[in-house]
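Data block below; observations after.
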Amino acid sequence: MLQFVASGIAIGCVYGMIGMALAITFYVTRIINFAQGQLMMVTVMVTAEVTGLGYSAWLGVVAGLACSCIIGVLSYLIAVRPILAFNRFGFGWLVSTLGFAVMVENGAAWLWGPTSIPFPTILNNTSVHFGEAAVLTGQQILAIATALIAAVVFEVVRKRTLFGKIGMATAADPEMASAFGVNTTTVAIVAFAASALIAGLAGVMIGPSTFANPYLGDTFGTYGFIAMMIGGGTERPVAALYGGLLLGICAEGANAFINSRASDWFPFLVLALILIV
């Protein structure tokens with residue numbers, strides 16, 4: 001029992017970080033960047049490629065996160081800003097962000113090929129025992145710590161800094177914020193870069209447990225969206241982390257008590273129940 005709860009918390013932190021990344025873009029711009037899973041994938045692929053060339057894994061992580069942030073900003077400038085300028089209250093951004101996700105995914109498949117490549121183990125070779133009931137790898141513990149730090153930093157910036165207050169004002173009423181001299185475009189760019197950074201960190205946390213694959217973003221992007229919906233994190237992004245924890249524990253419980261493939265479909269059952277309620 002304790003083992004699947006501990007494992008669920010670890011994987012739930014990854015889902016929660018992706019959900020929080022999705023919620024941040026919605027919180028500031030009132031749109032959901034459906035390319036967020038692909039931004040996570042870019043970090044994983046670049047890290048694996050740099051490591052495969054013989055460089056340090058941590059150098060690969062830095063390069064991967066930098067690429068993710070750059071593409072995150074481009075997703076706003078290419079797929080979001082023109083749509084909002086044309087019709088702020090429409091849903092054209094849904095199609096444009098999905099289209100941008102397909103472009104990034106196909107670009108990665110063309111660049112690296114459609115097959116998986118190894119991802120560095122980082123801390124997967126170490127483990128910590130919690131009595132005789134549960135074992136977590138160093139990578140899983142790092143995932144939990146990273147998610148908590150990301151959540152705390154975001155809340156501190158949001159509530160305790162001038163930029164955070166400007167972001168809250170932009171989220172509440174972008175027209176009024178702009179009338180008072182706030183550069184809403186800069187706020188949105190920073191939000192998209194920050195969300196890409198968090199999604200990239202989630203990729204680094206899950207990478208050692210999977211292979212680097214151009215299509216990795218589809219699955220984890222969906223799980224992140226479900227985590228955001230469970231947590232109701234569109235108004236308070238950190239709440240997506242709570243949703244991710246619940247989703248992770250439920251998915252690992254389904255693996256333990258139903259079958260080893262249950263986590264592939266169980267999150268969608270959870271989402272269906274949430275939408276019904």
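For the numbers below, each heavy atom of this structure counts, side chains included, while hydrogens, waters and symmetry mates do not.
- Within the 4.5 Å cutoff, the side chain of Phe192 has no heavy atoms near those of the Ile24 side chain.
- Applying the side chain to side chain contact (heavy atoms under 4.5 Å, CB included) test between Val204 and each of Leu142, Thr43, Val44 identifies Thr43 as the sole match.
- Residues Ile18 and Tyr223 are not in side-chain contact: their nearest non-hydrogen atoms beyond the backbone lie 4.5 Å or more apart.
- Looking at Arg30 and Thr25, their side chains never come closer than 4.5 Å, going by heavy atoms from C-beta outward.
- Cys13 is not listed as a side-chain neighbour of Met205, based on a closest heavy-atom distance of 4.5 Å or more.
- Under the 4.5 Å side-chain criterion, counting only non-hydrogen atoms from C-beta, Trp110 is not in contact with Pro214.
- Rounded to the nearest 0.5 Å, atoms CD1 (Ile141) and OG1 (Thr146) are 11.5 Å apart.
- Distance CD1/Ile78 to OG/Ser75: 8.5 Å, rounded to 0.5 Å.
- At least one side-chain heavy atom of Pro120 sits under 4.5 Å from a side-chain heavy atom of Thr47.
- Taking CD1 of Ile226 as the reference point, atom CG of Leu246 lies at 11.5 Å (rounded to 0.5 Å).
- You'll find the side chain of Asn183 stays beyond 4.5 Å of the side chain of Val187, heavy atoms only.
- Heavy atoms only, all atoms of each residue included: Cys69 and Ala193 are closest at SG-O, 3.6 Å.
- Side-chain contact annotation: Thr97 with Asn33, donor-acceptor N/O pair under 3.5 Å absent.
- From Glu49, atom CD reaches atom SG of Cys67 across 11.0 Å, with rounding to the nearest 0.5 Å.
- A perpendicular orientation is assigned to the rings of Phe154 and Tyr27, their planes being inclined by more than 60° (bins at 30° and 60°).
- In this structure, CG in Asp218 is found 5.5 Å from CD in Gln38, a value given to the nearest 0.5 Å.
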Exercise for the section: Evaluate the criterion ring-ring contact (aromatic ring centres under 6.0 Å, His included) for residue pair Phe225 and Phe34; output intermediate values, then yes/no. Expected result: CA-CA 9 Å; Phe225 179 74; Phe34 284 105; 5.8 Å; yes
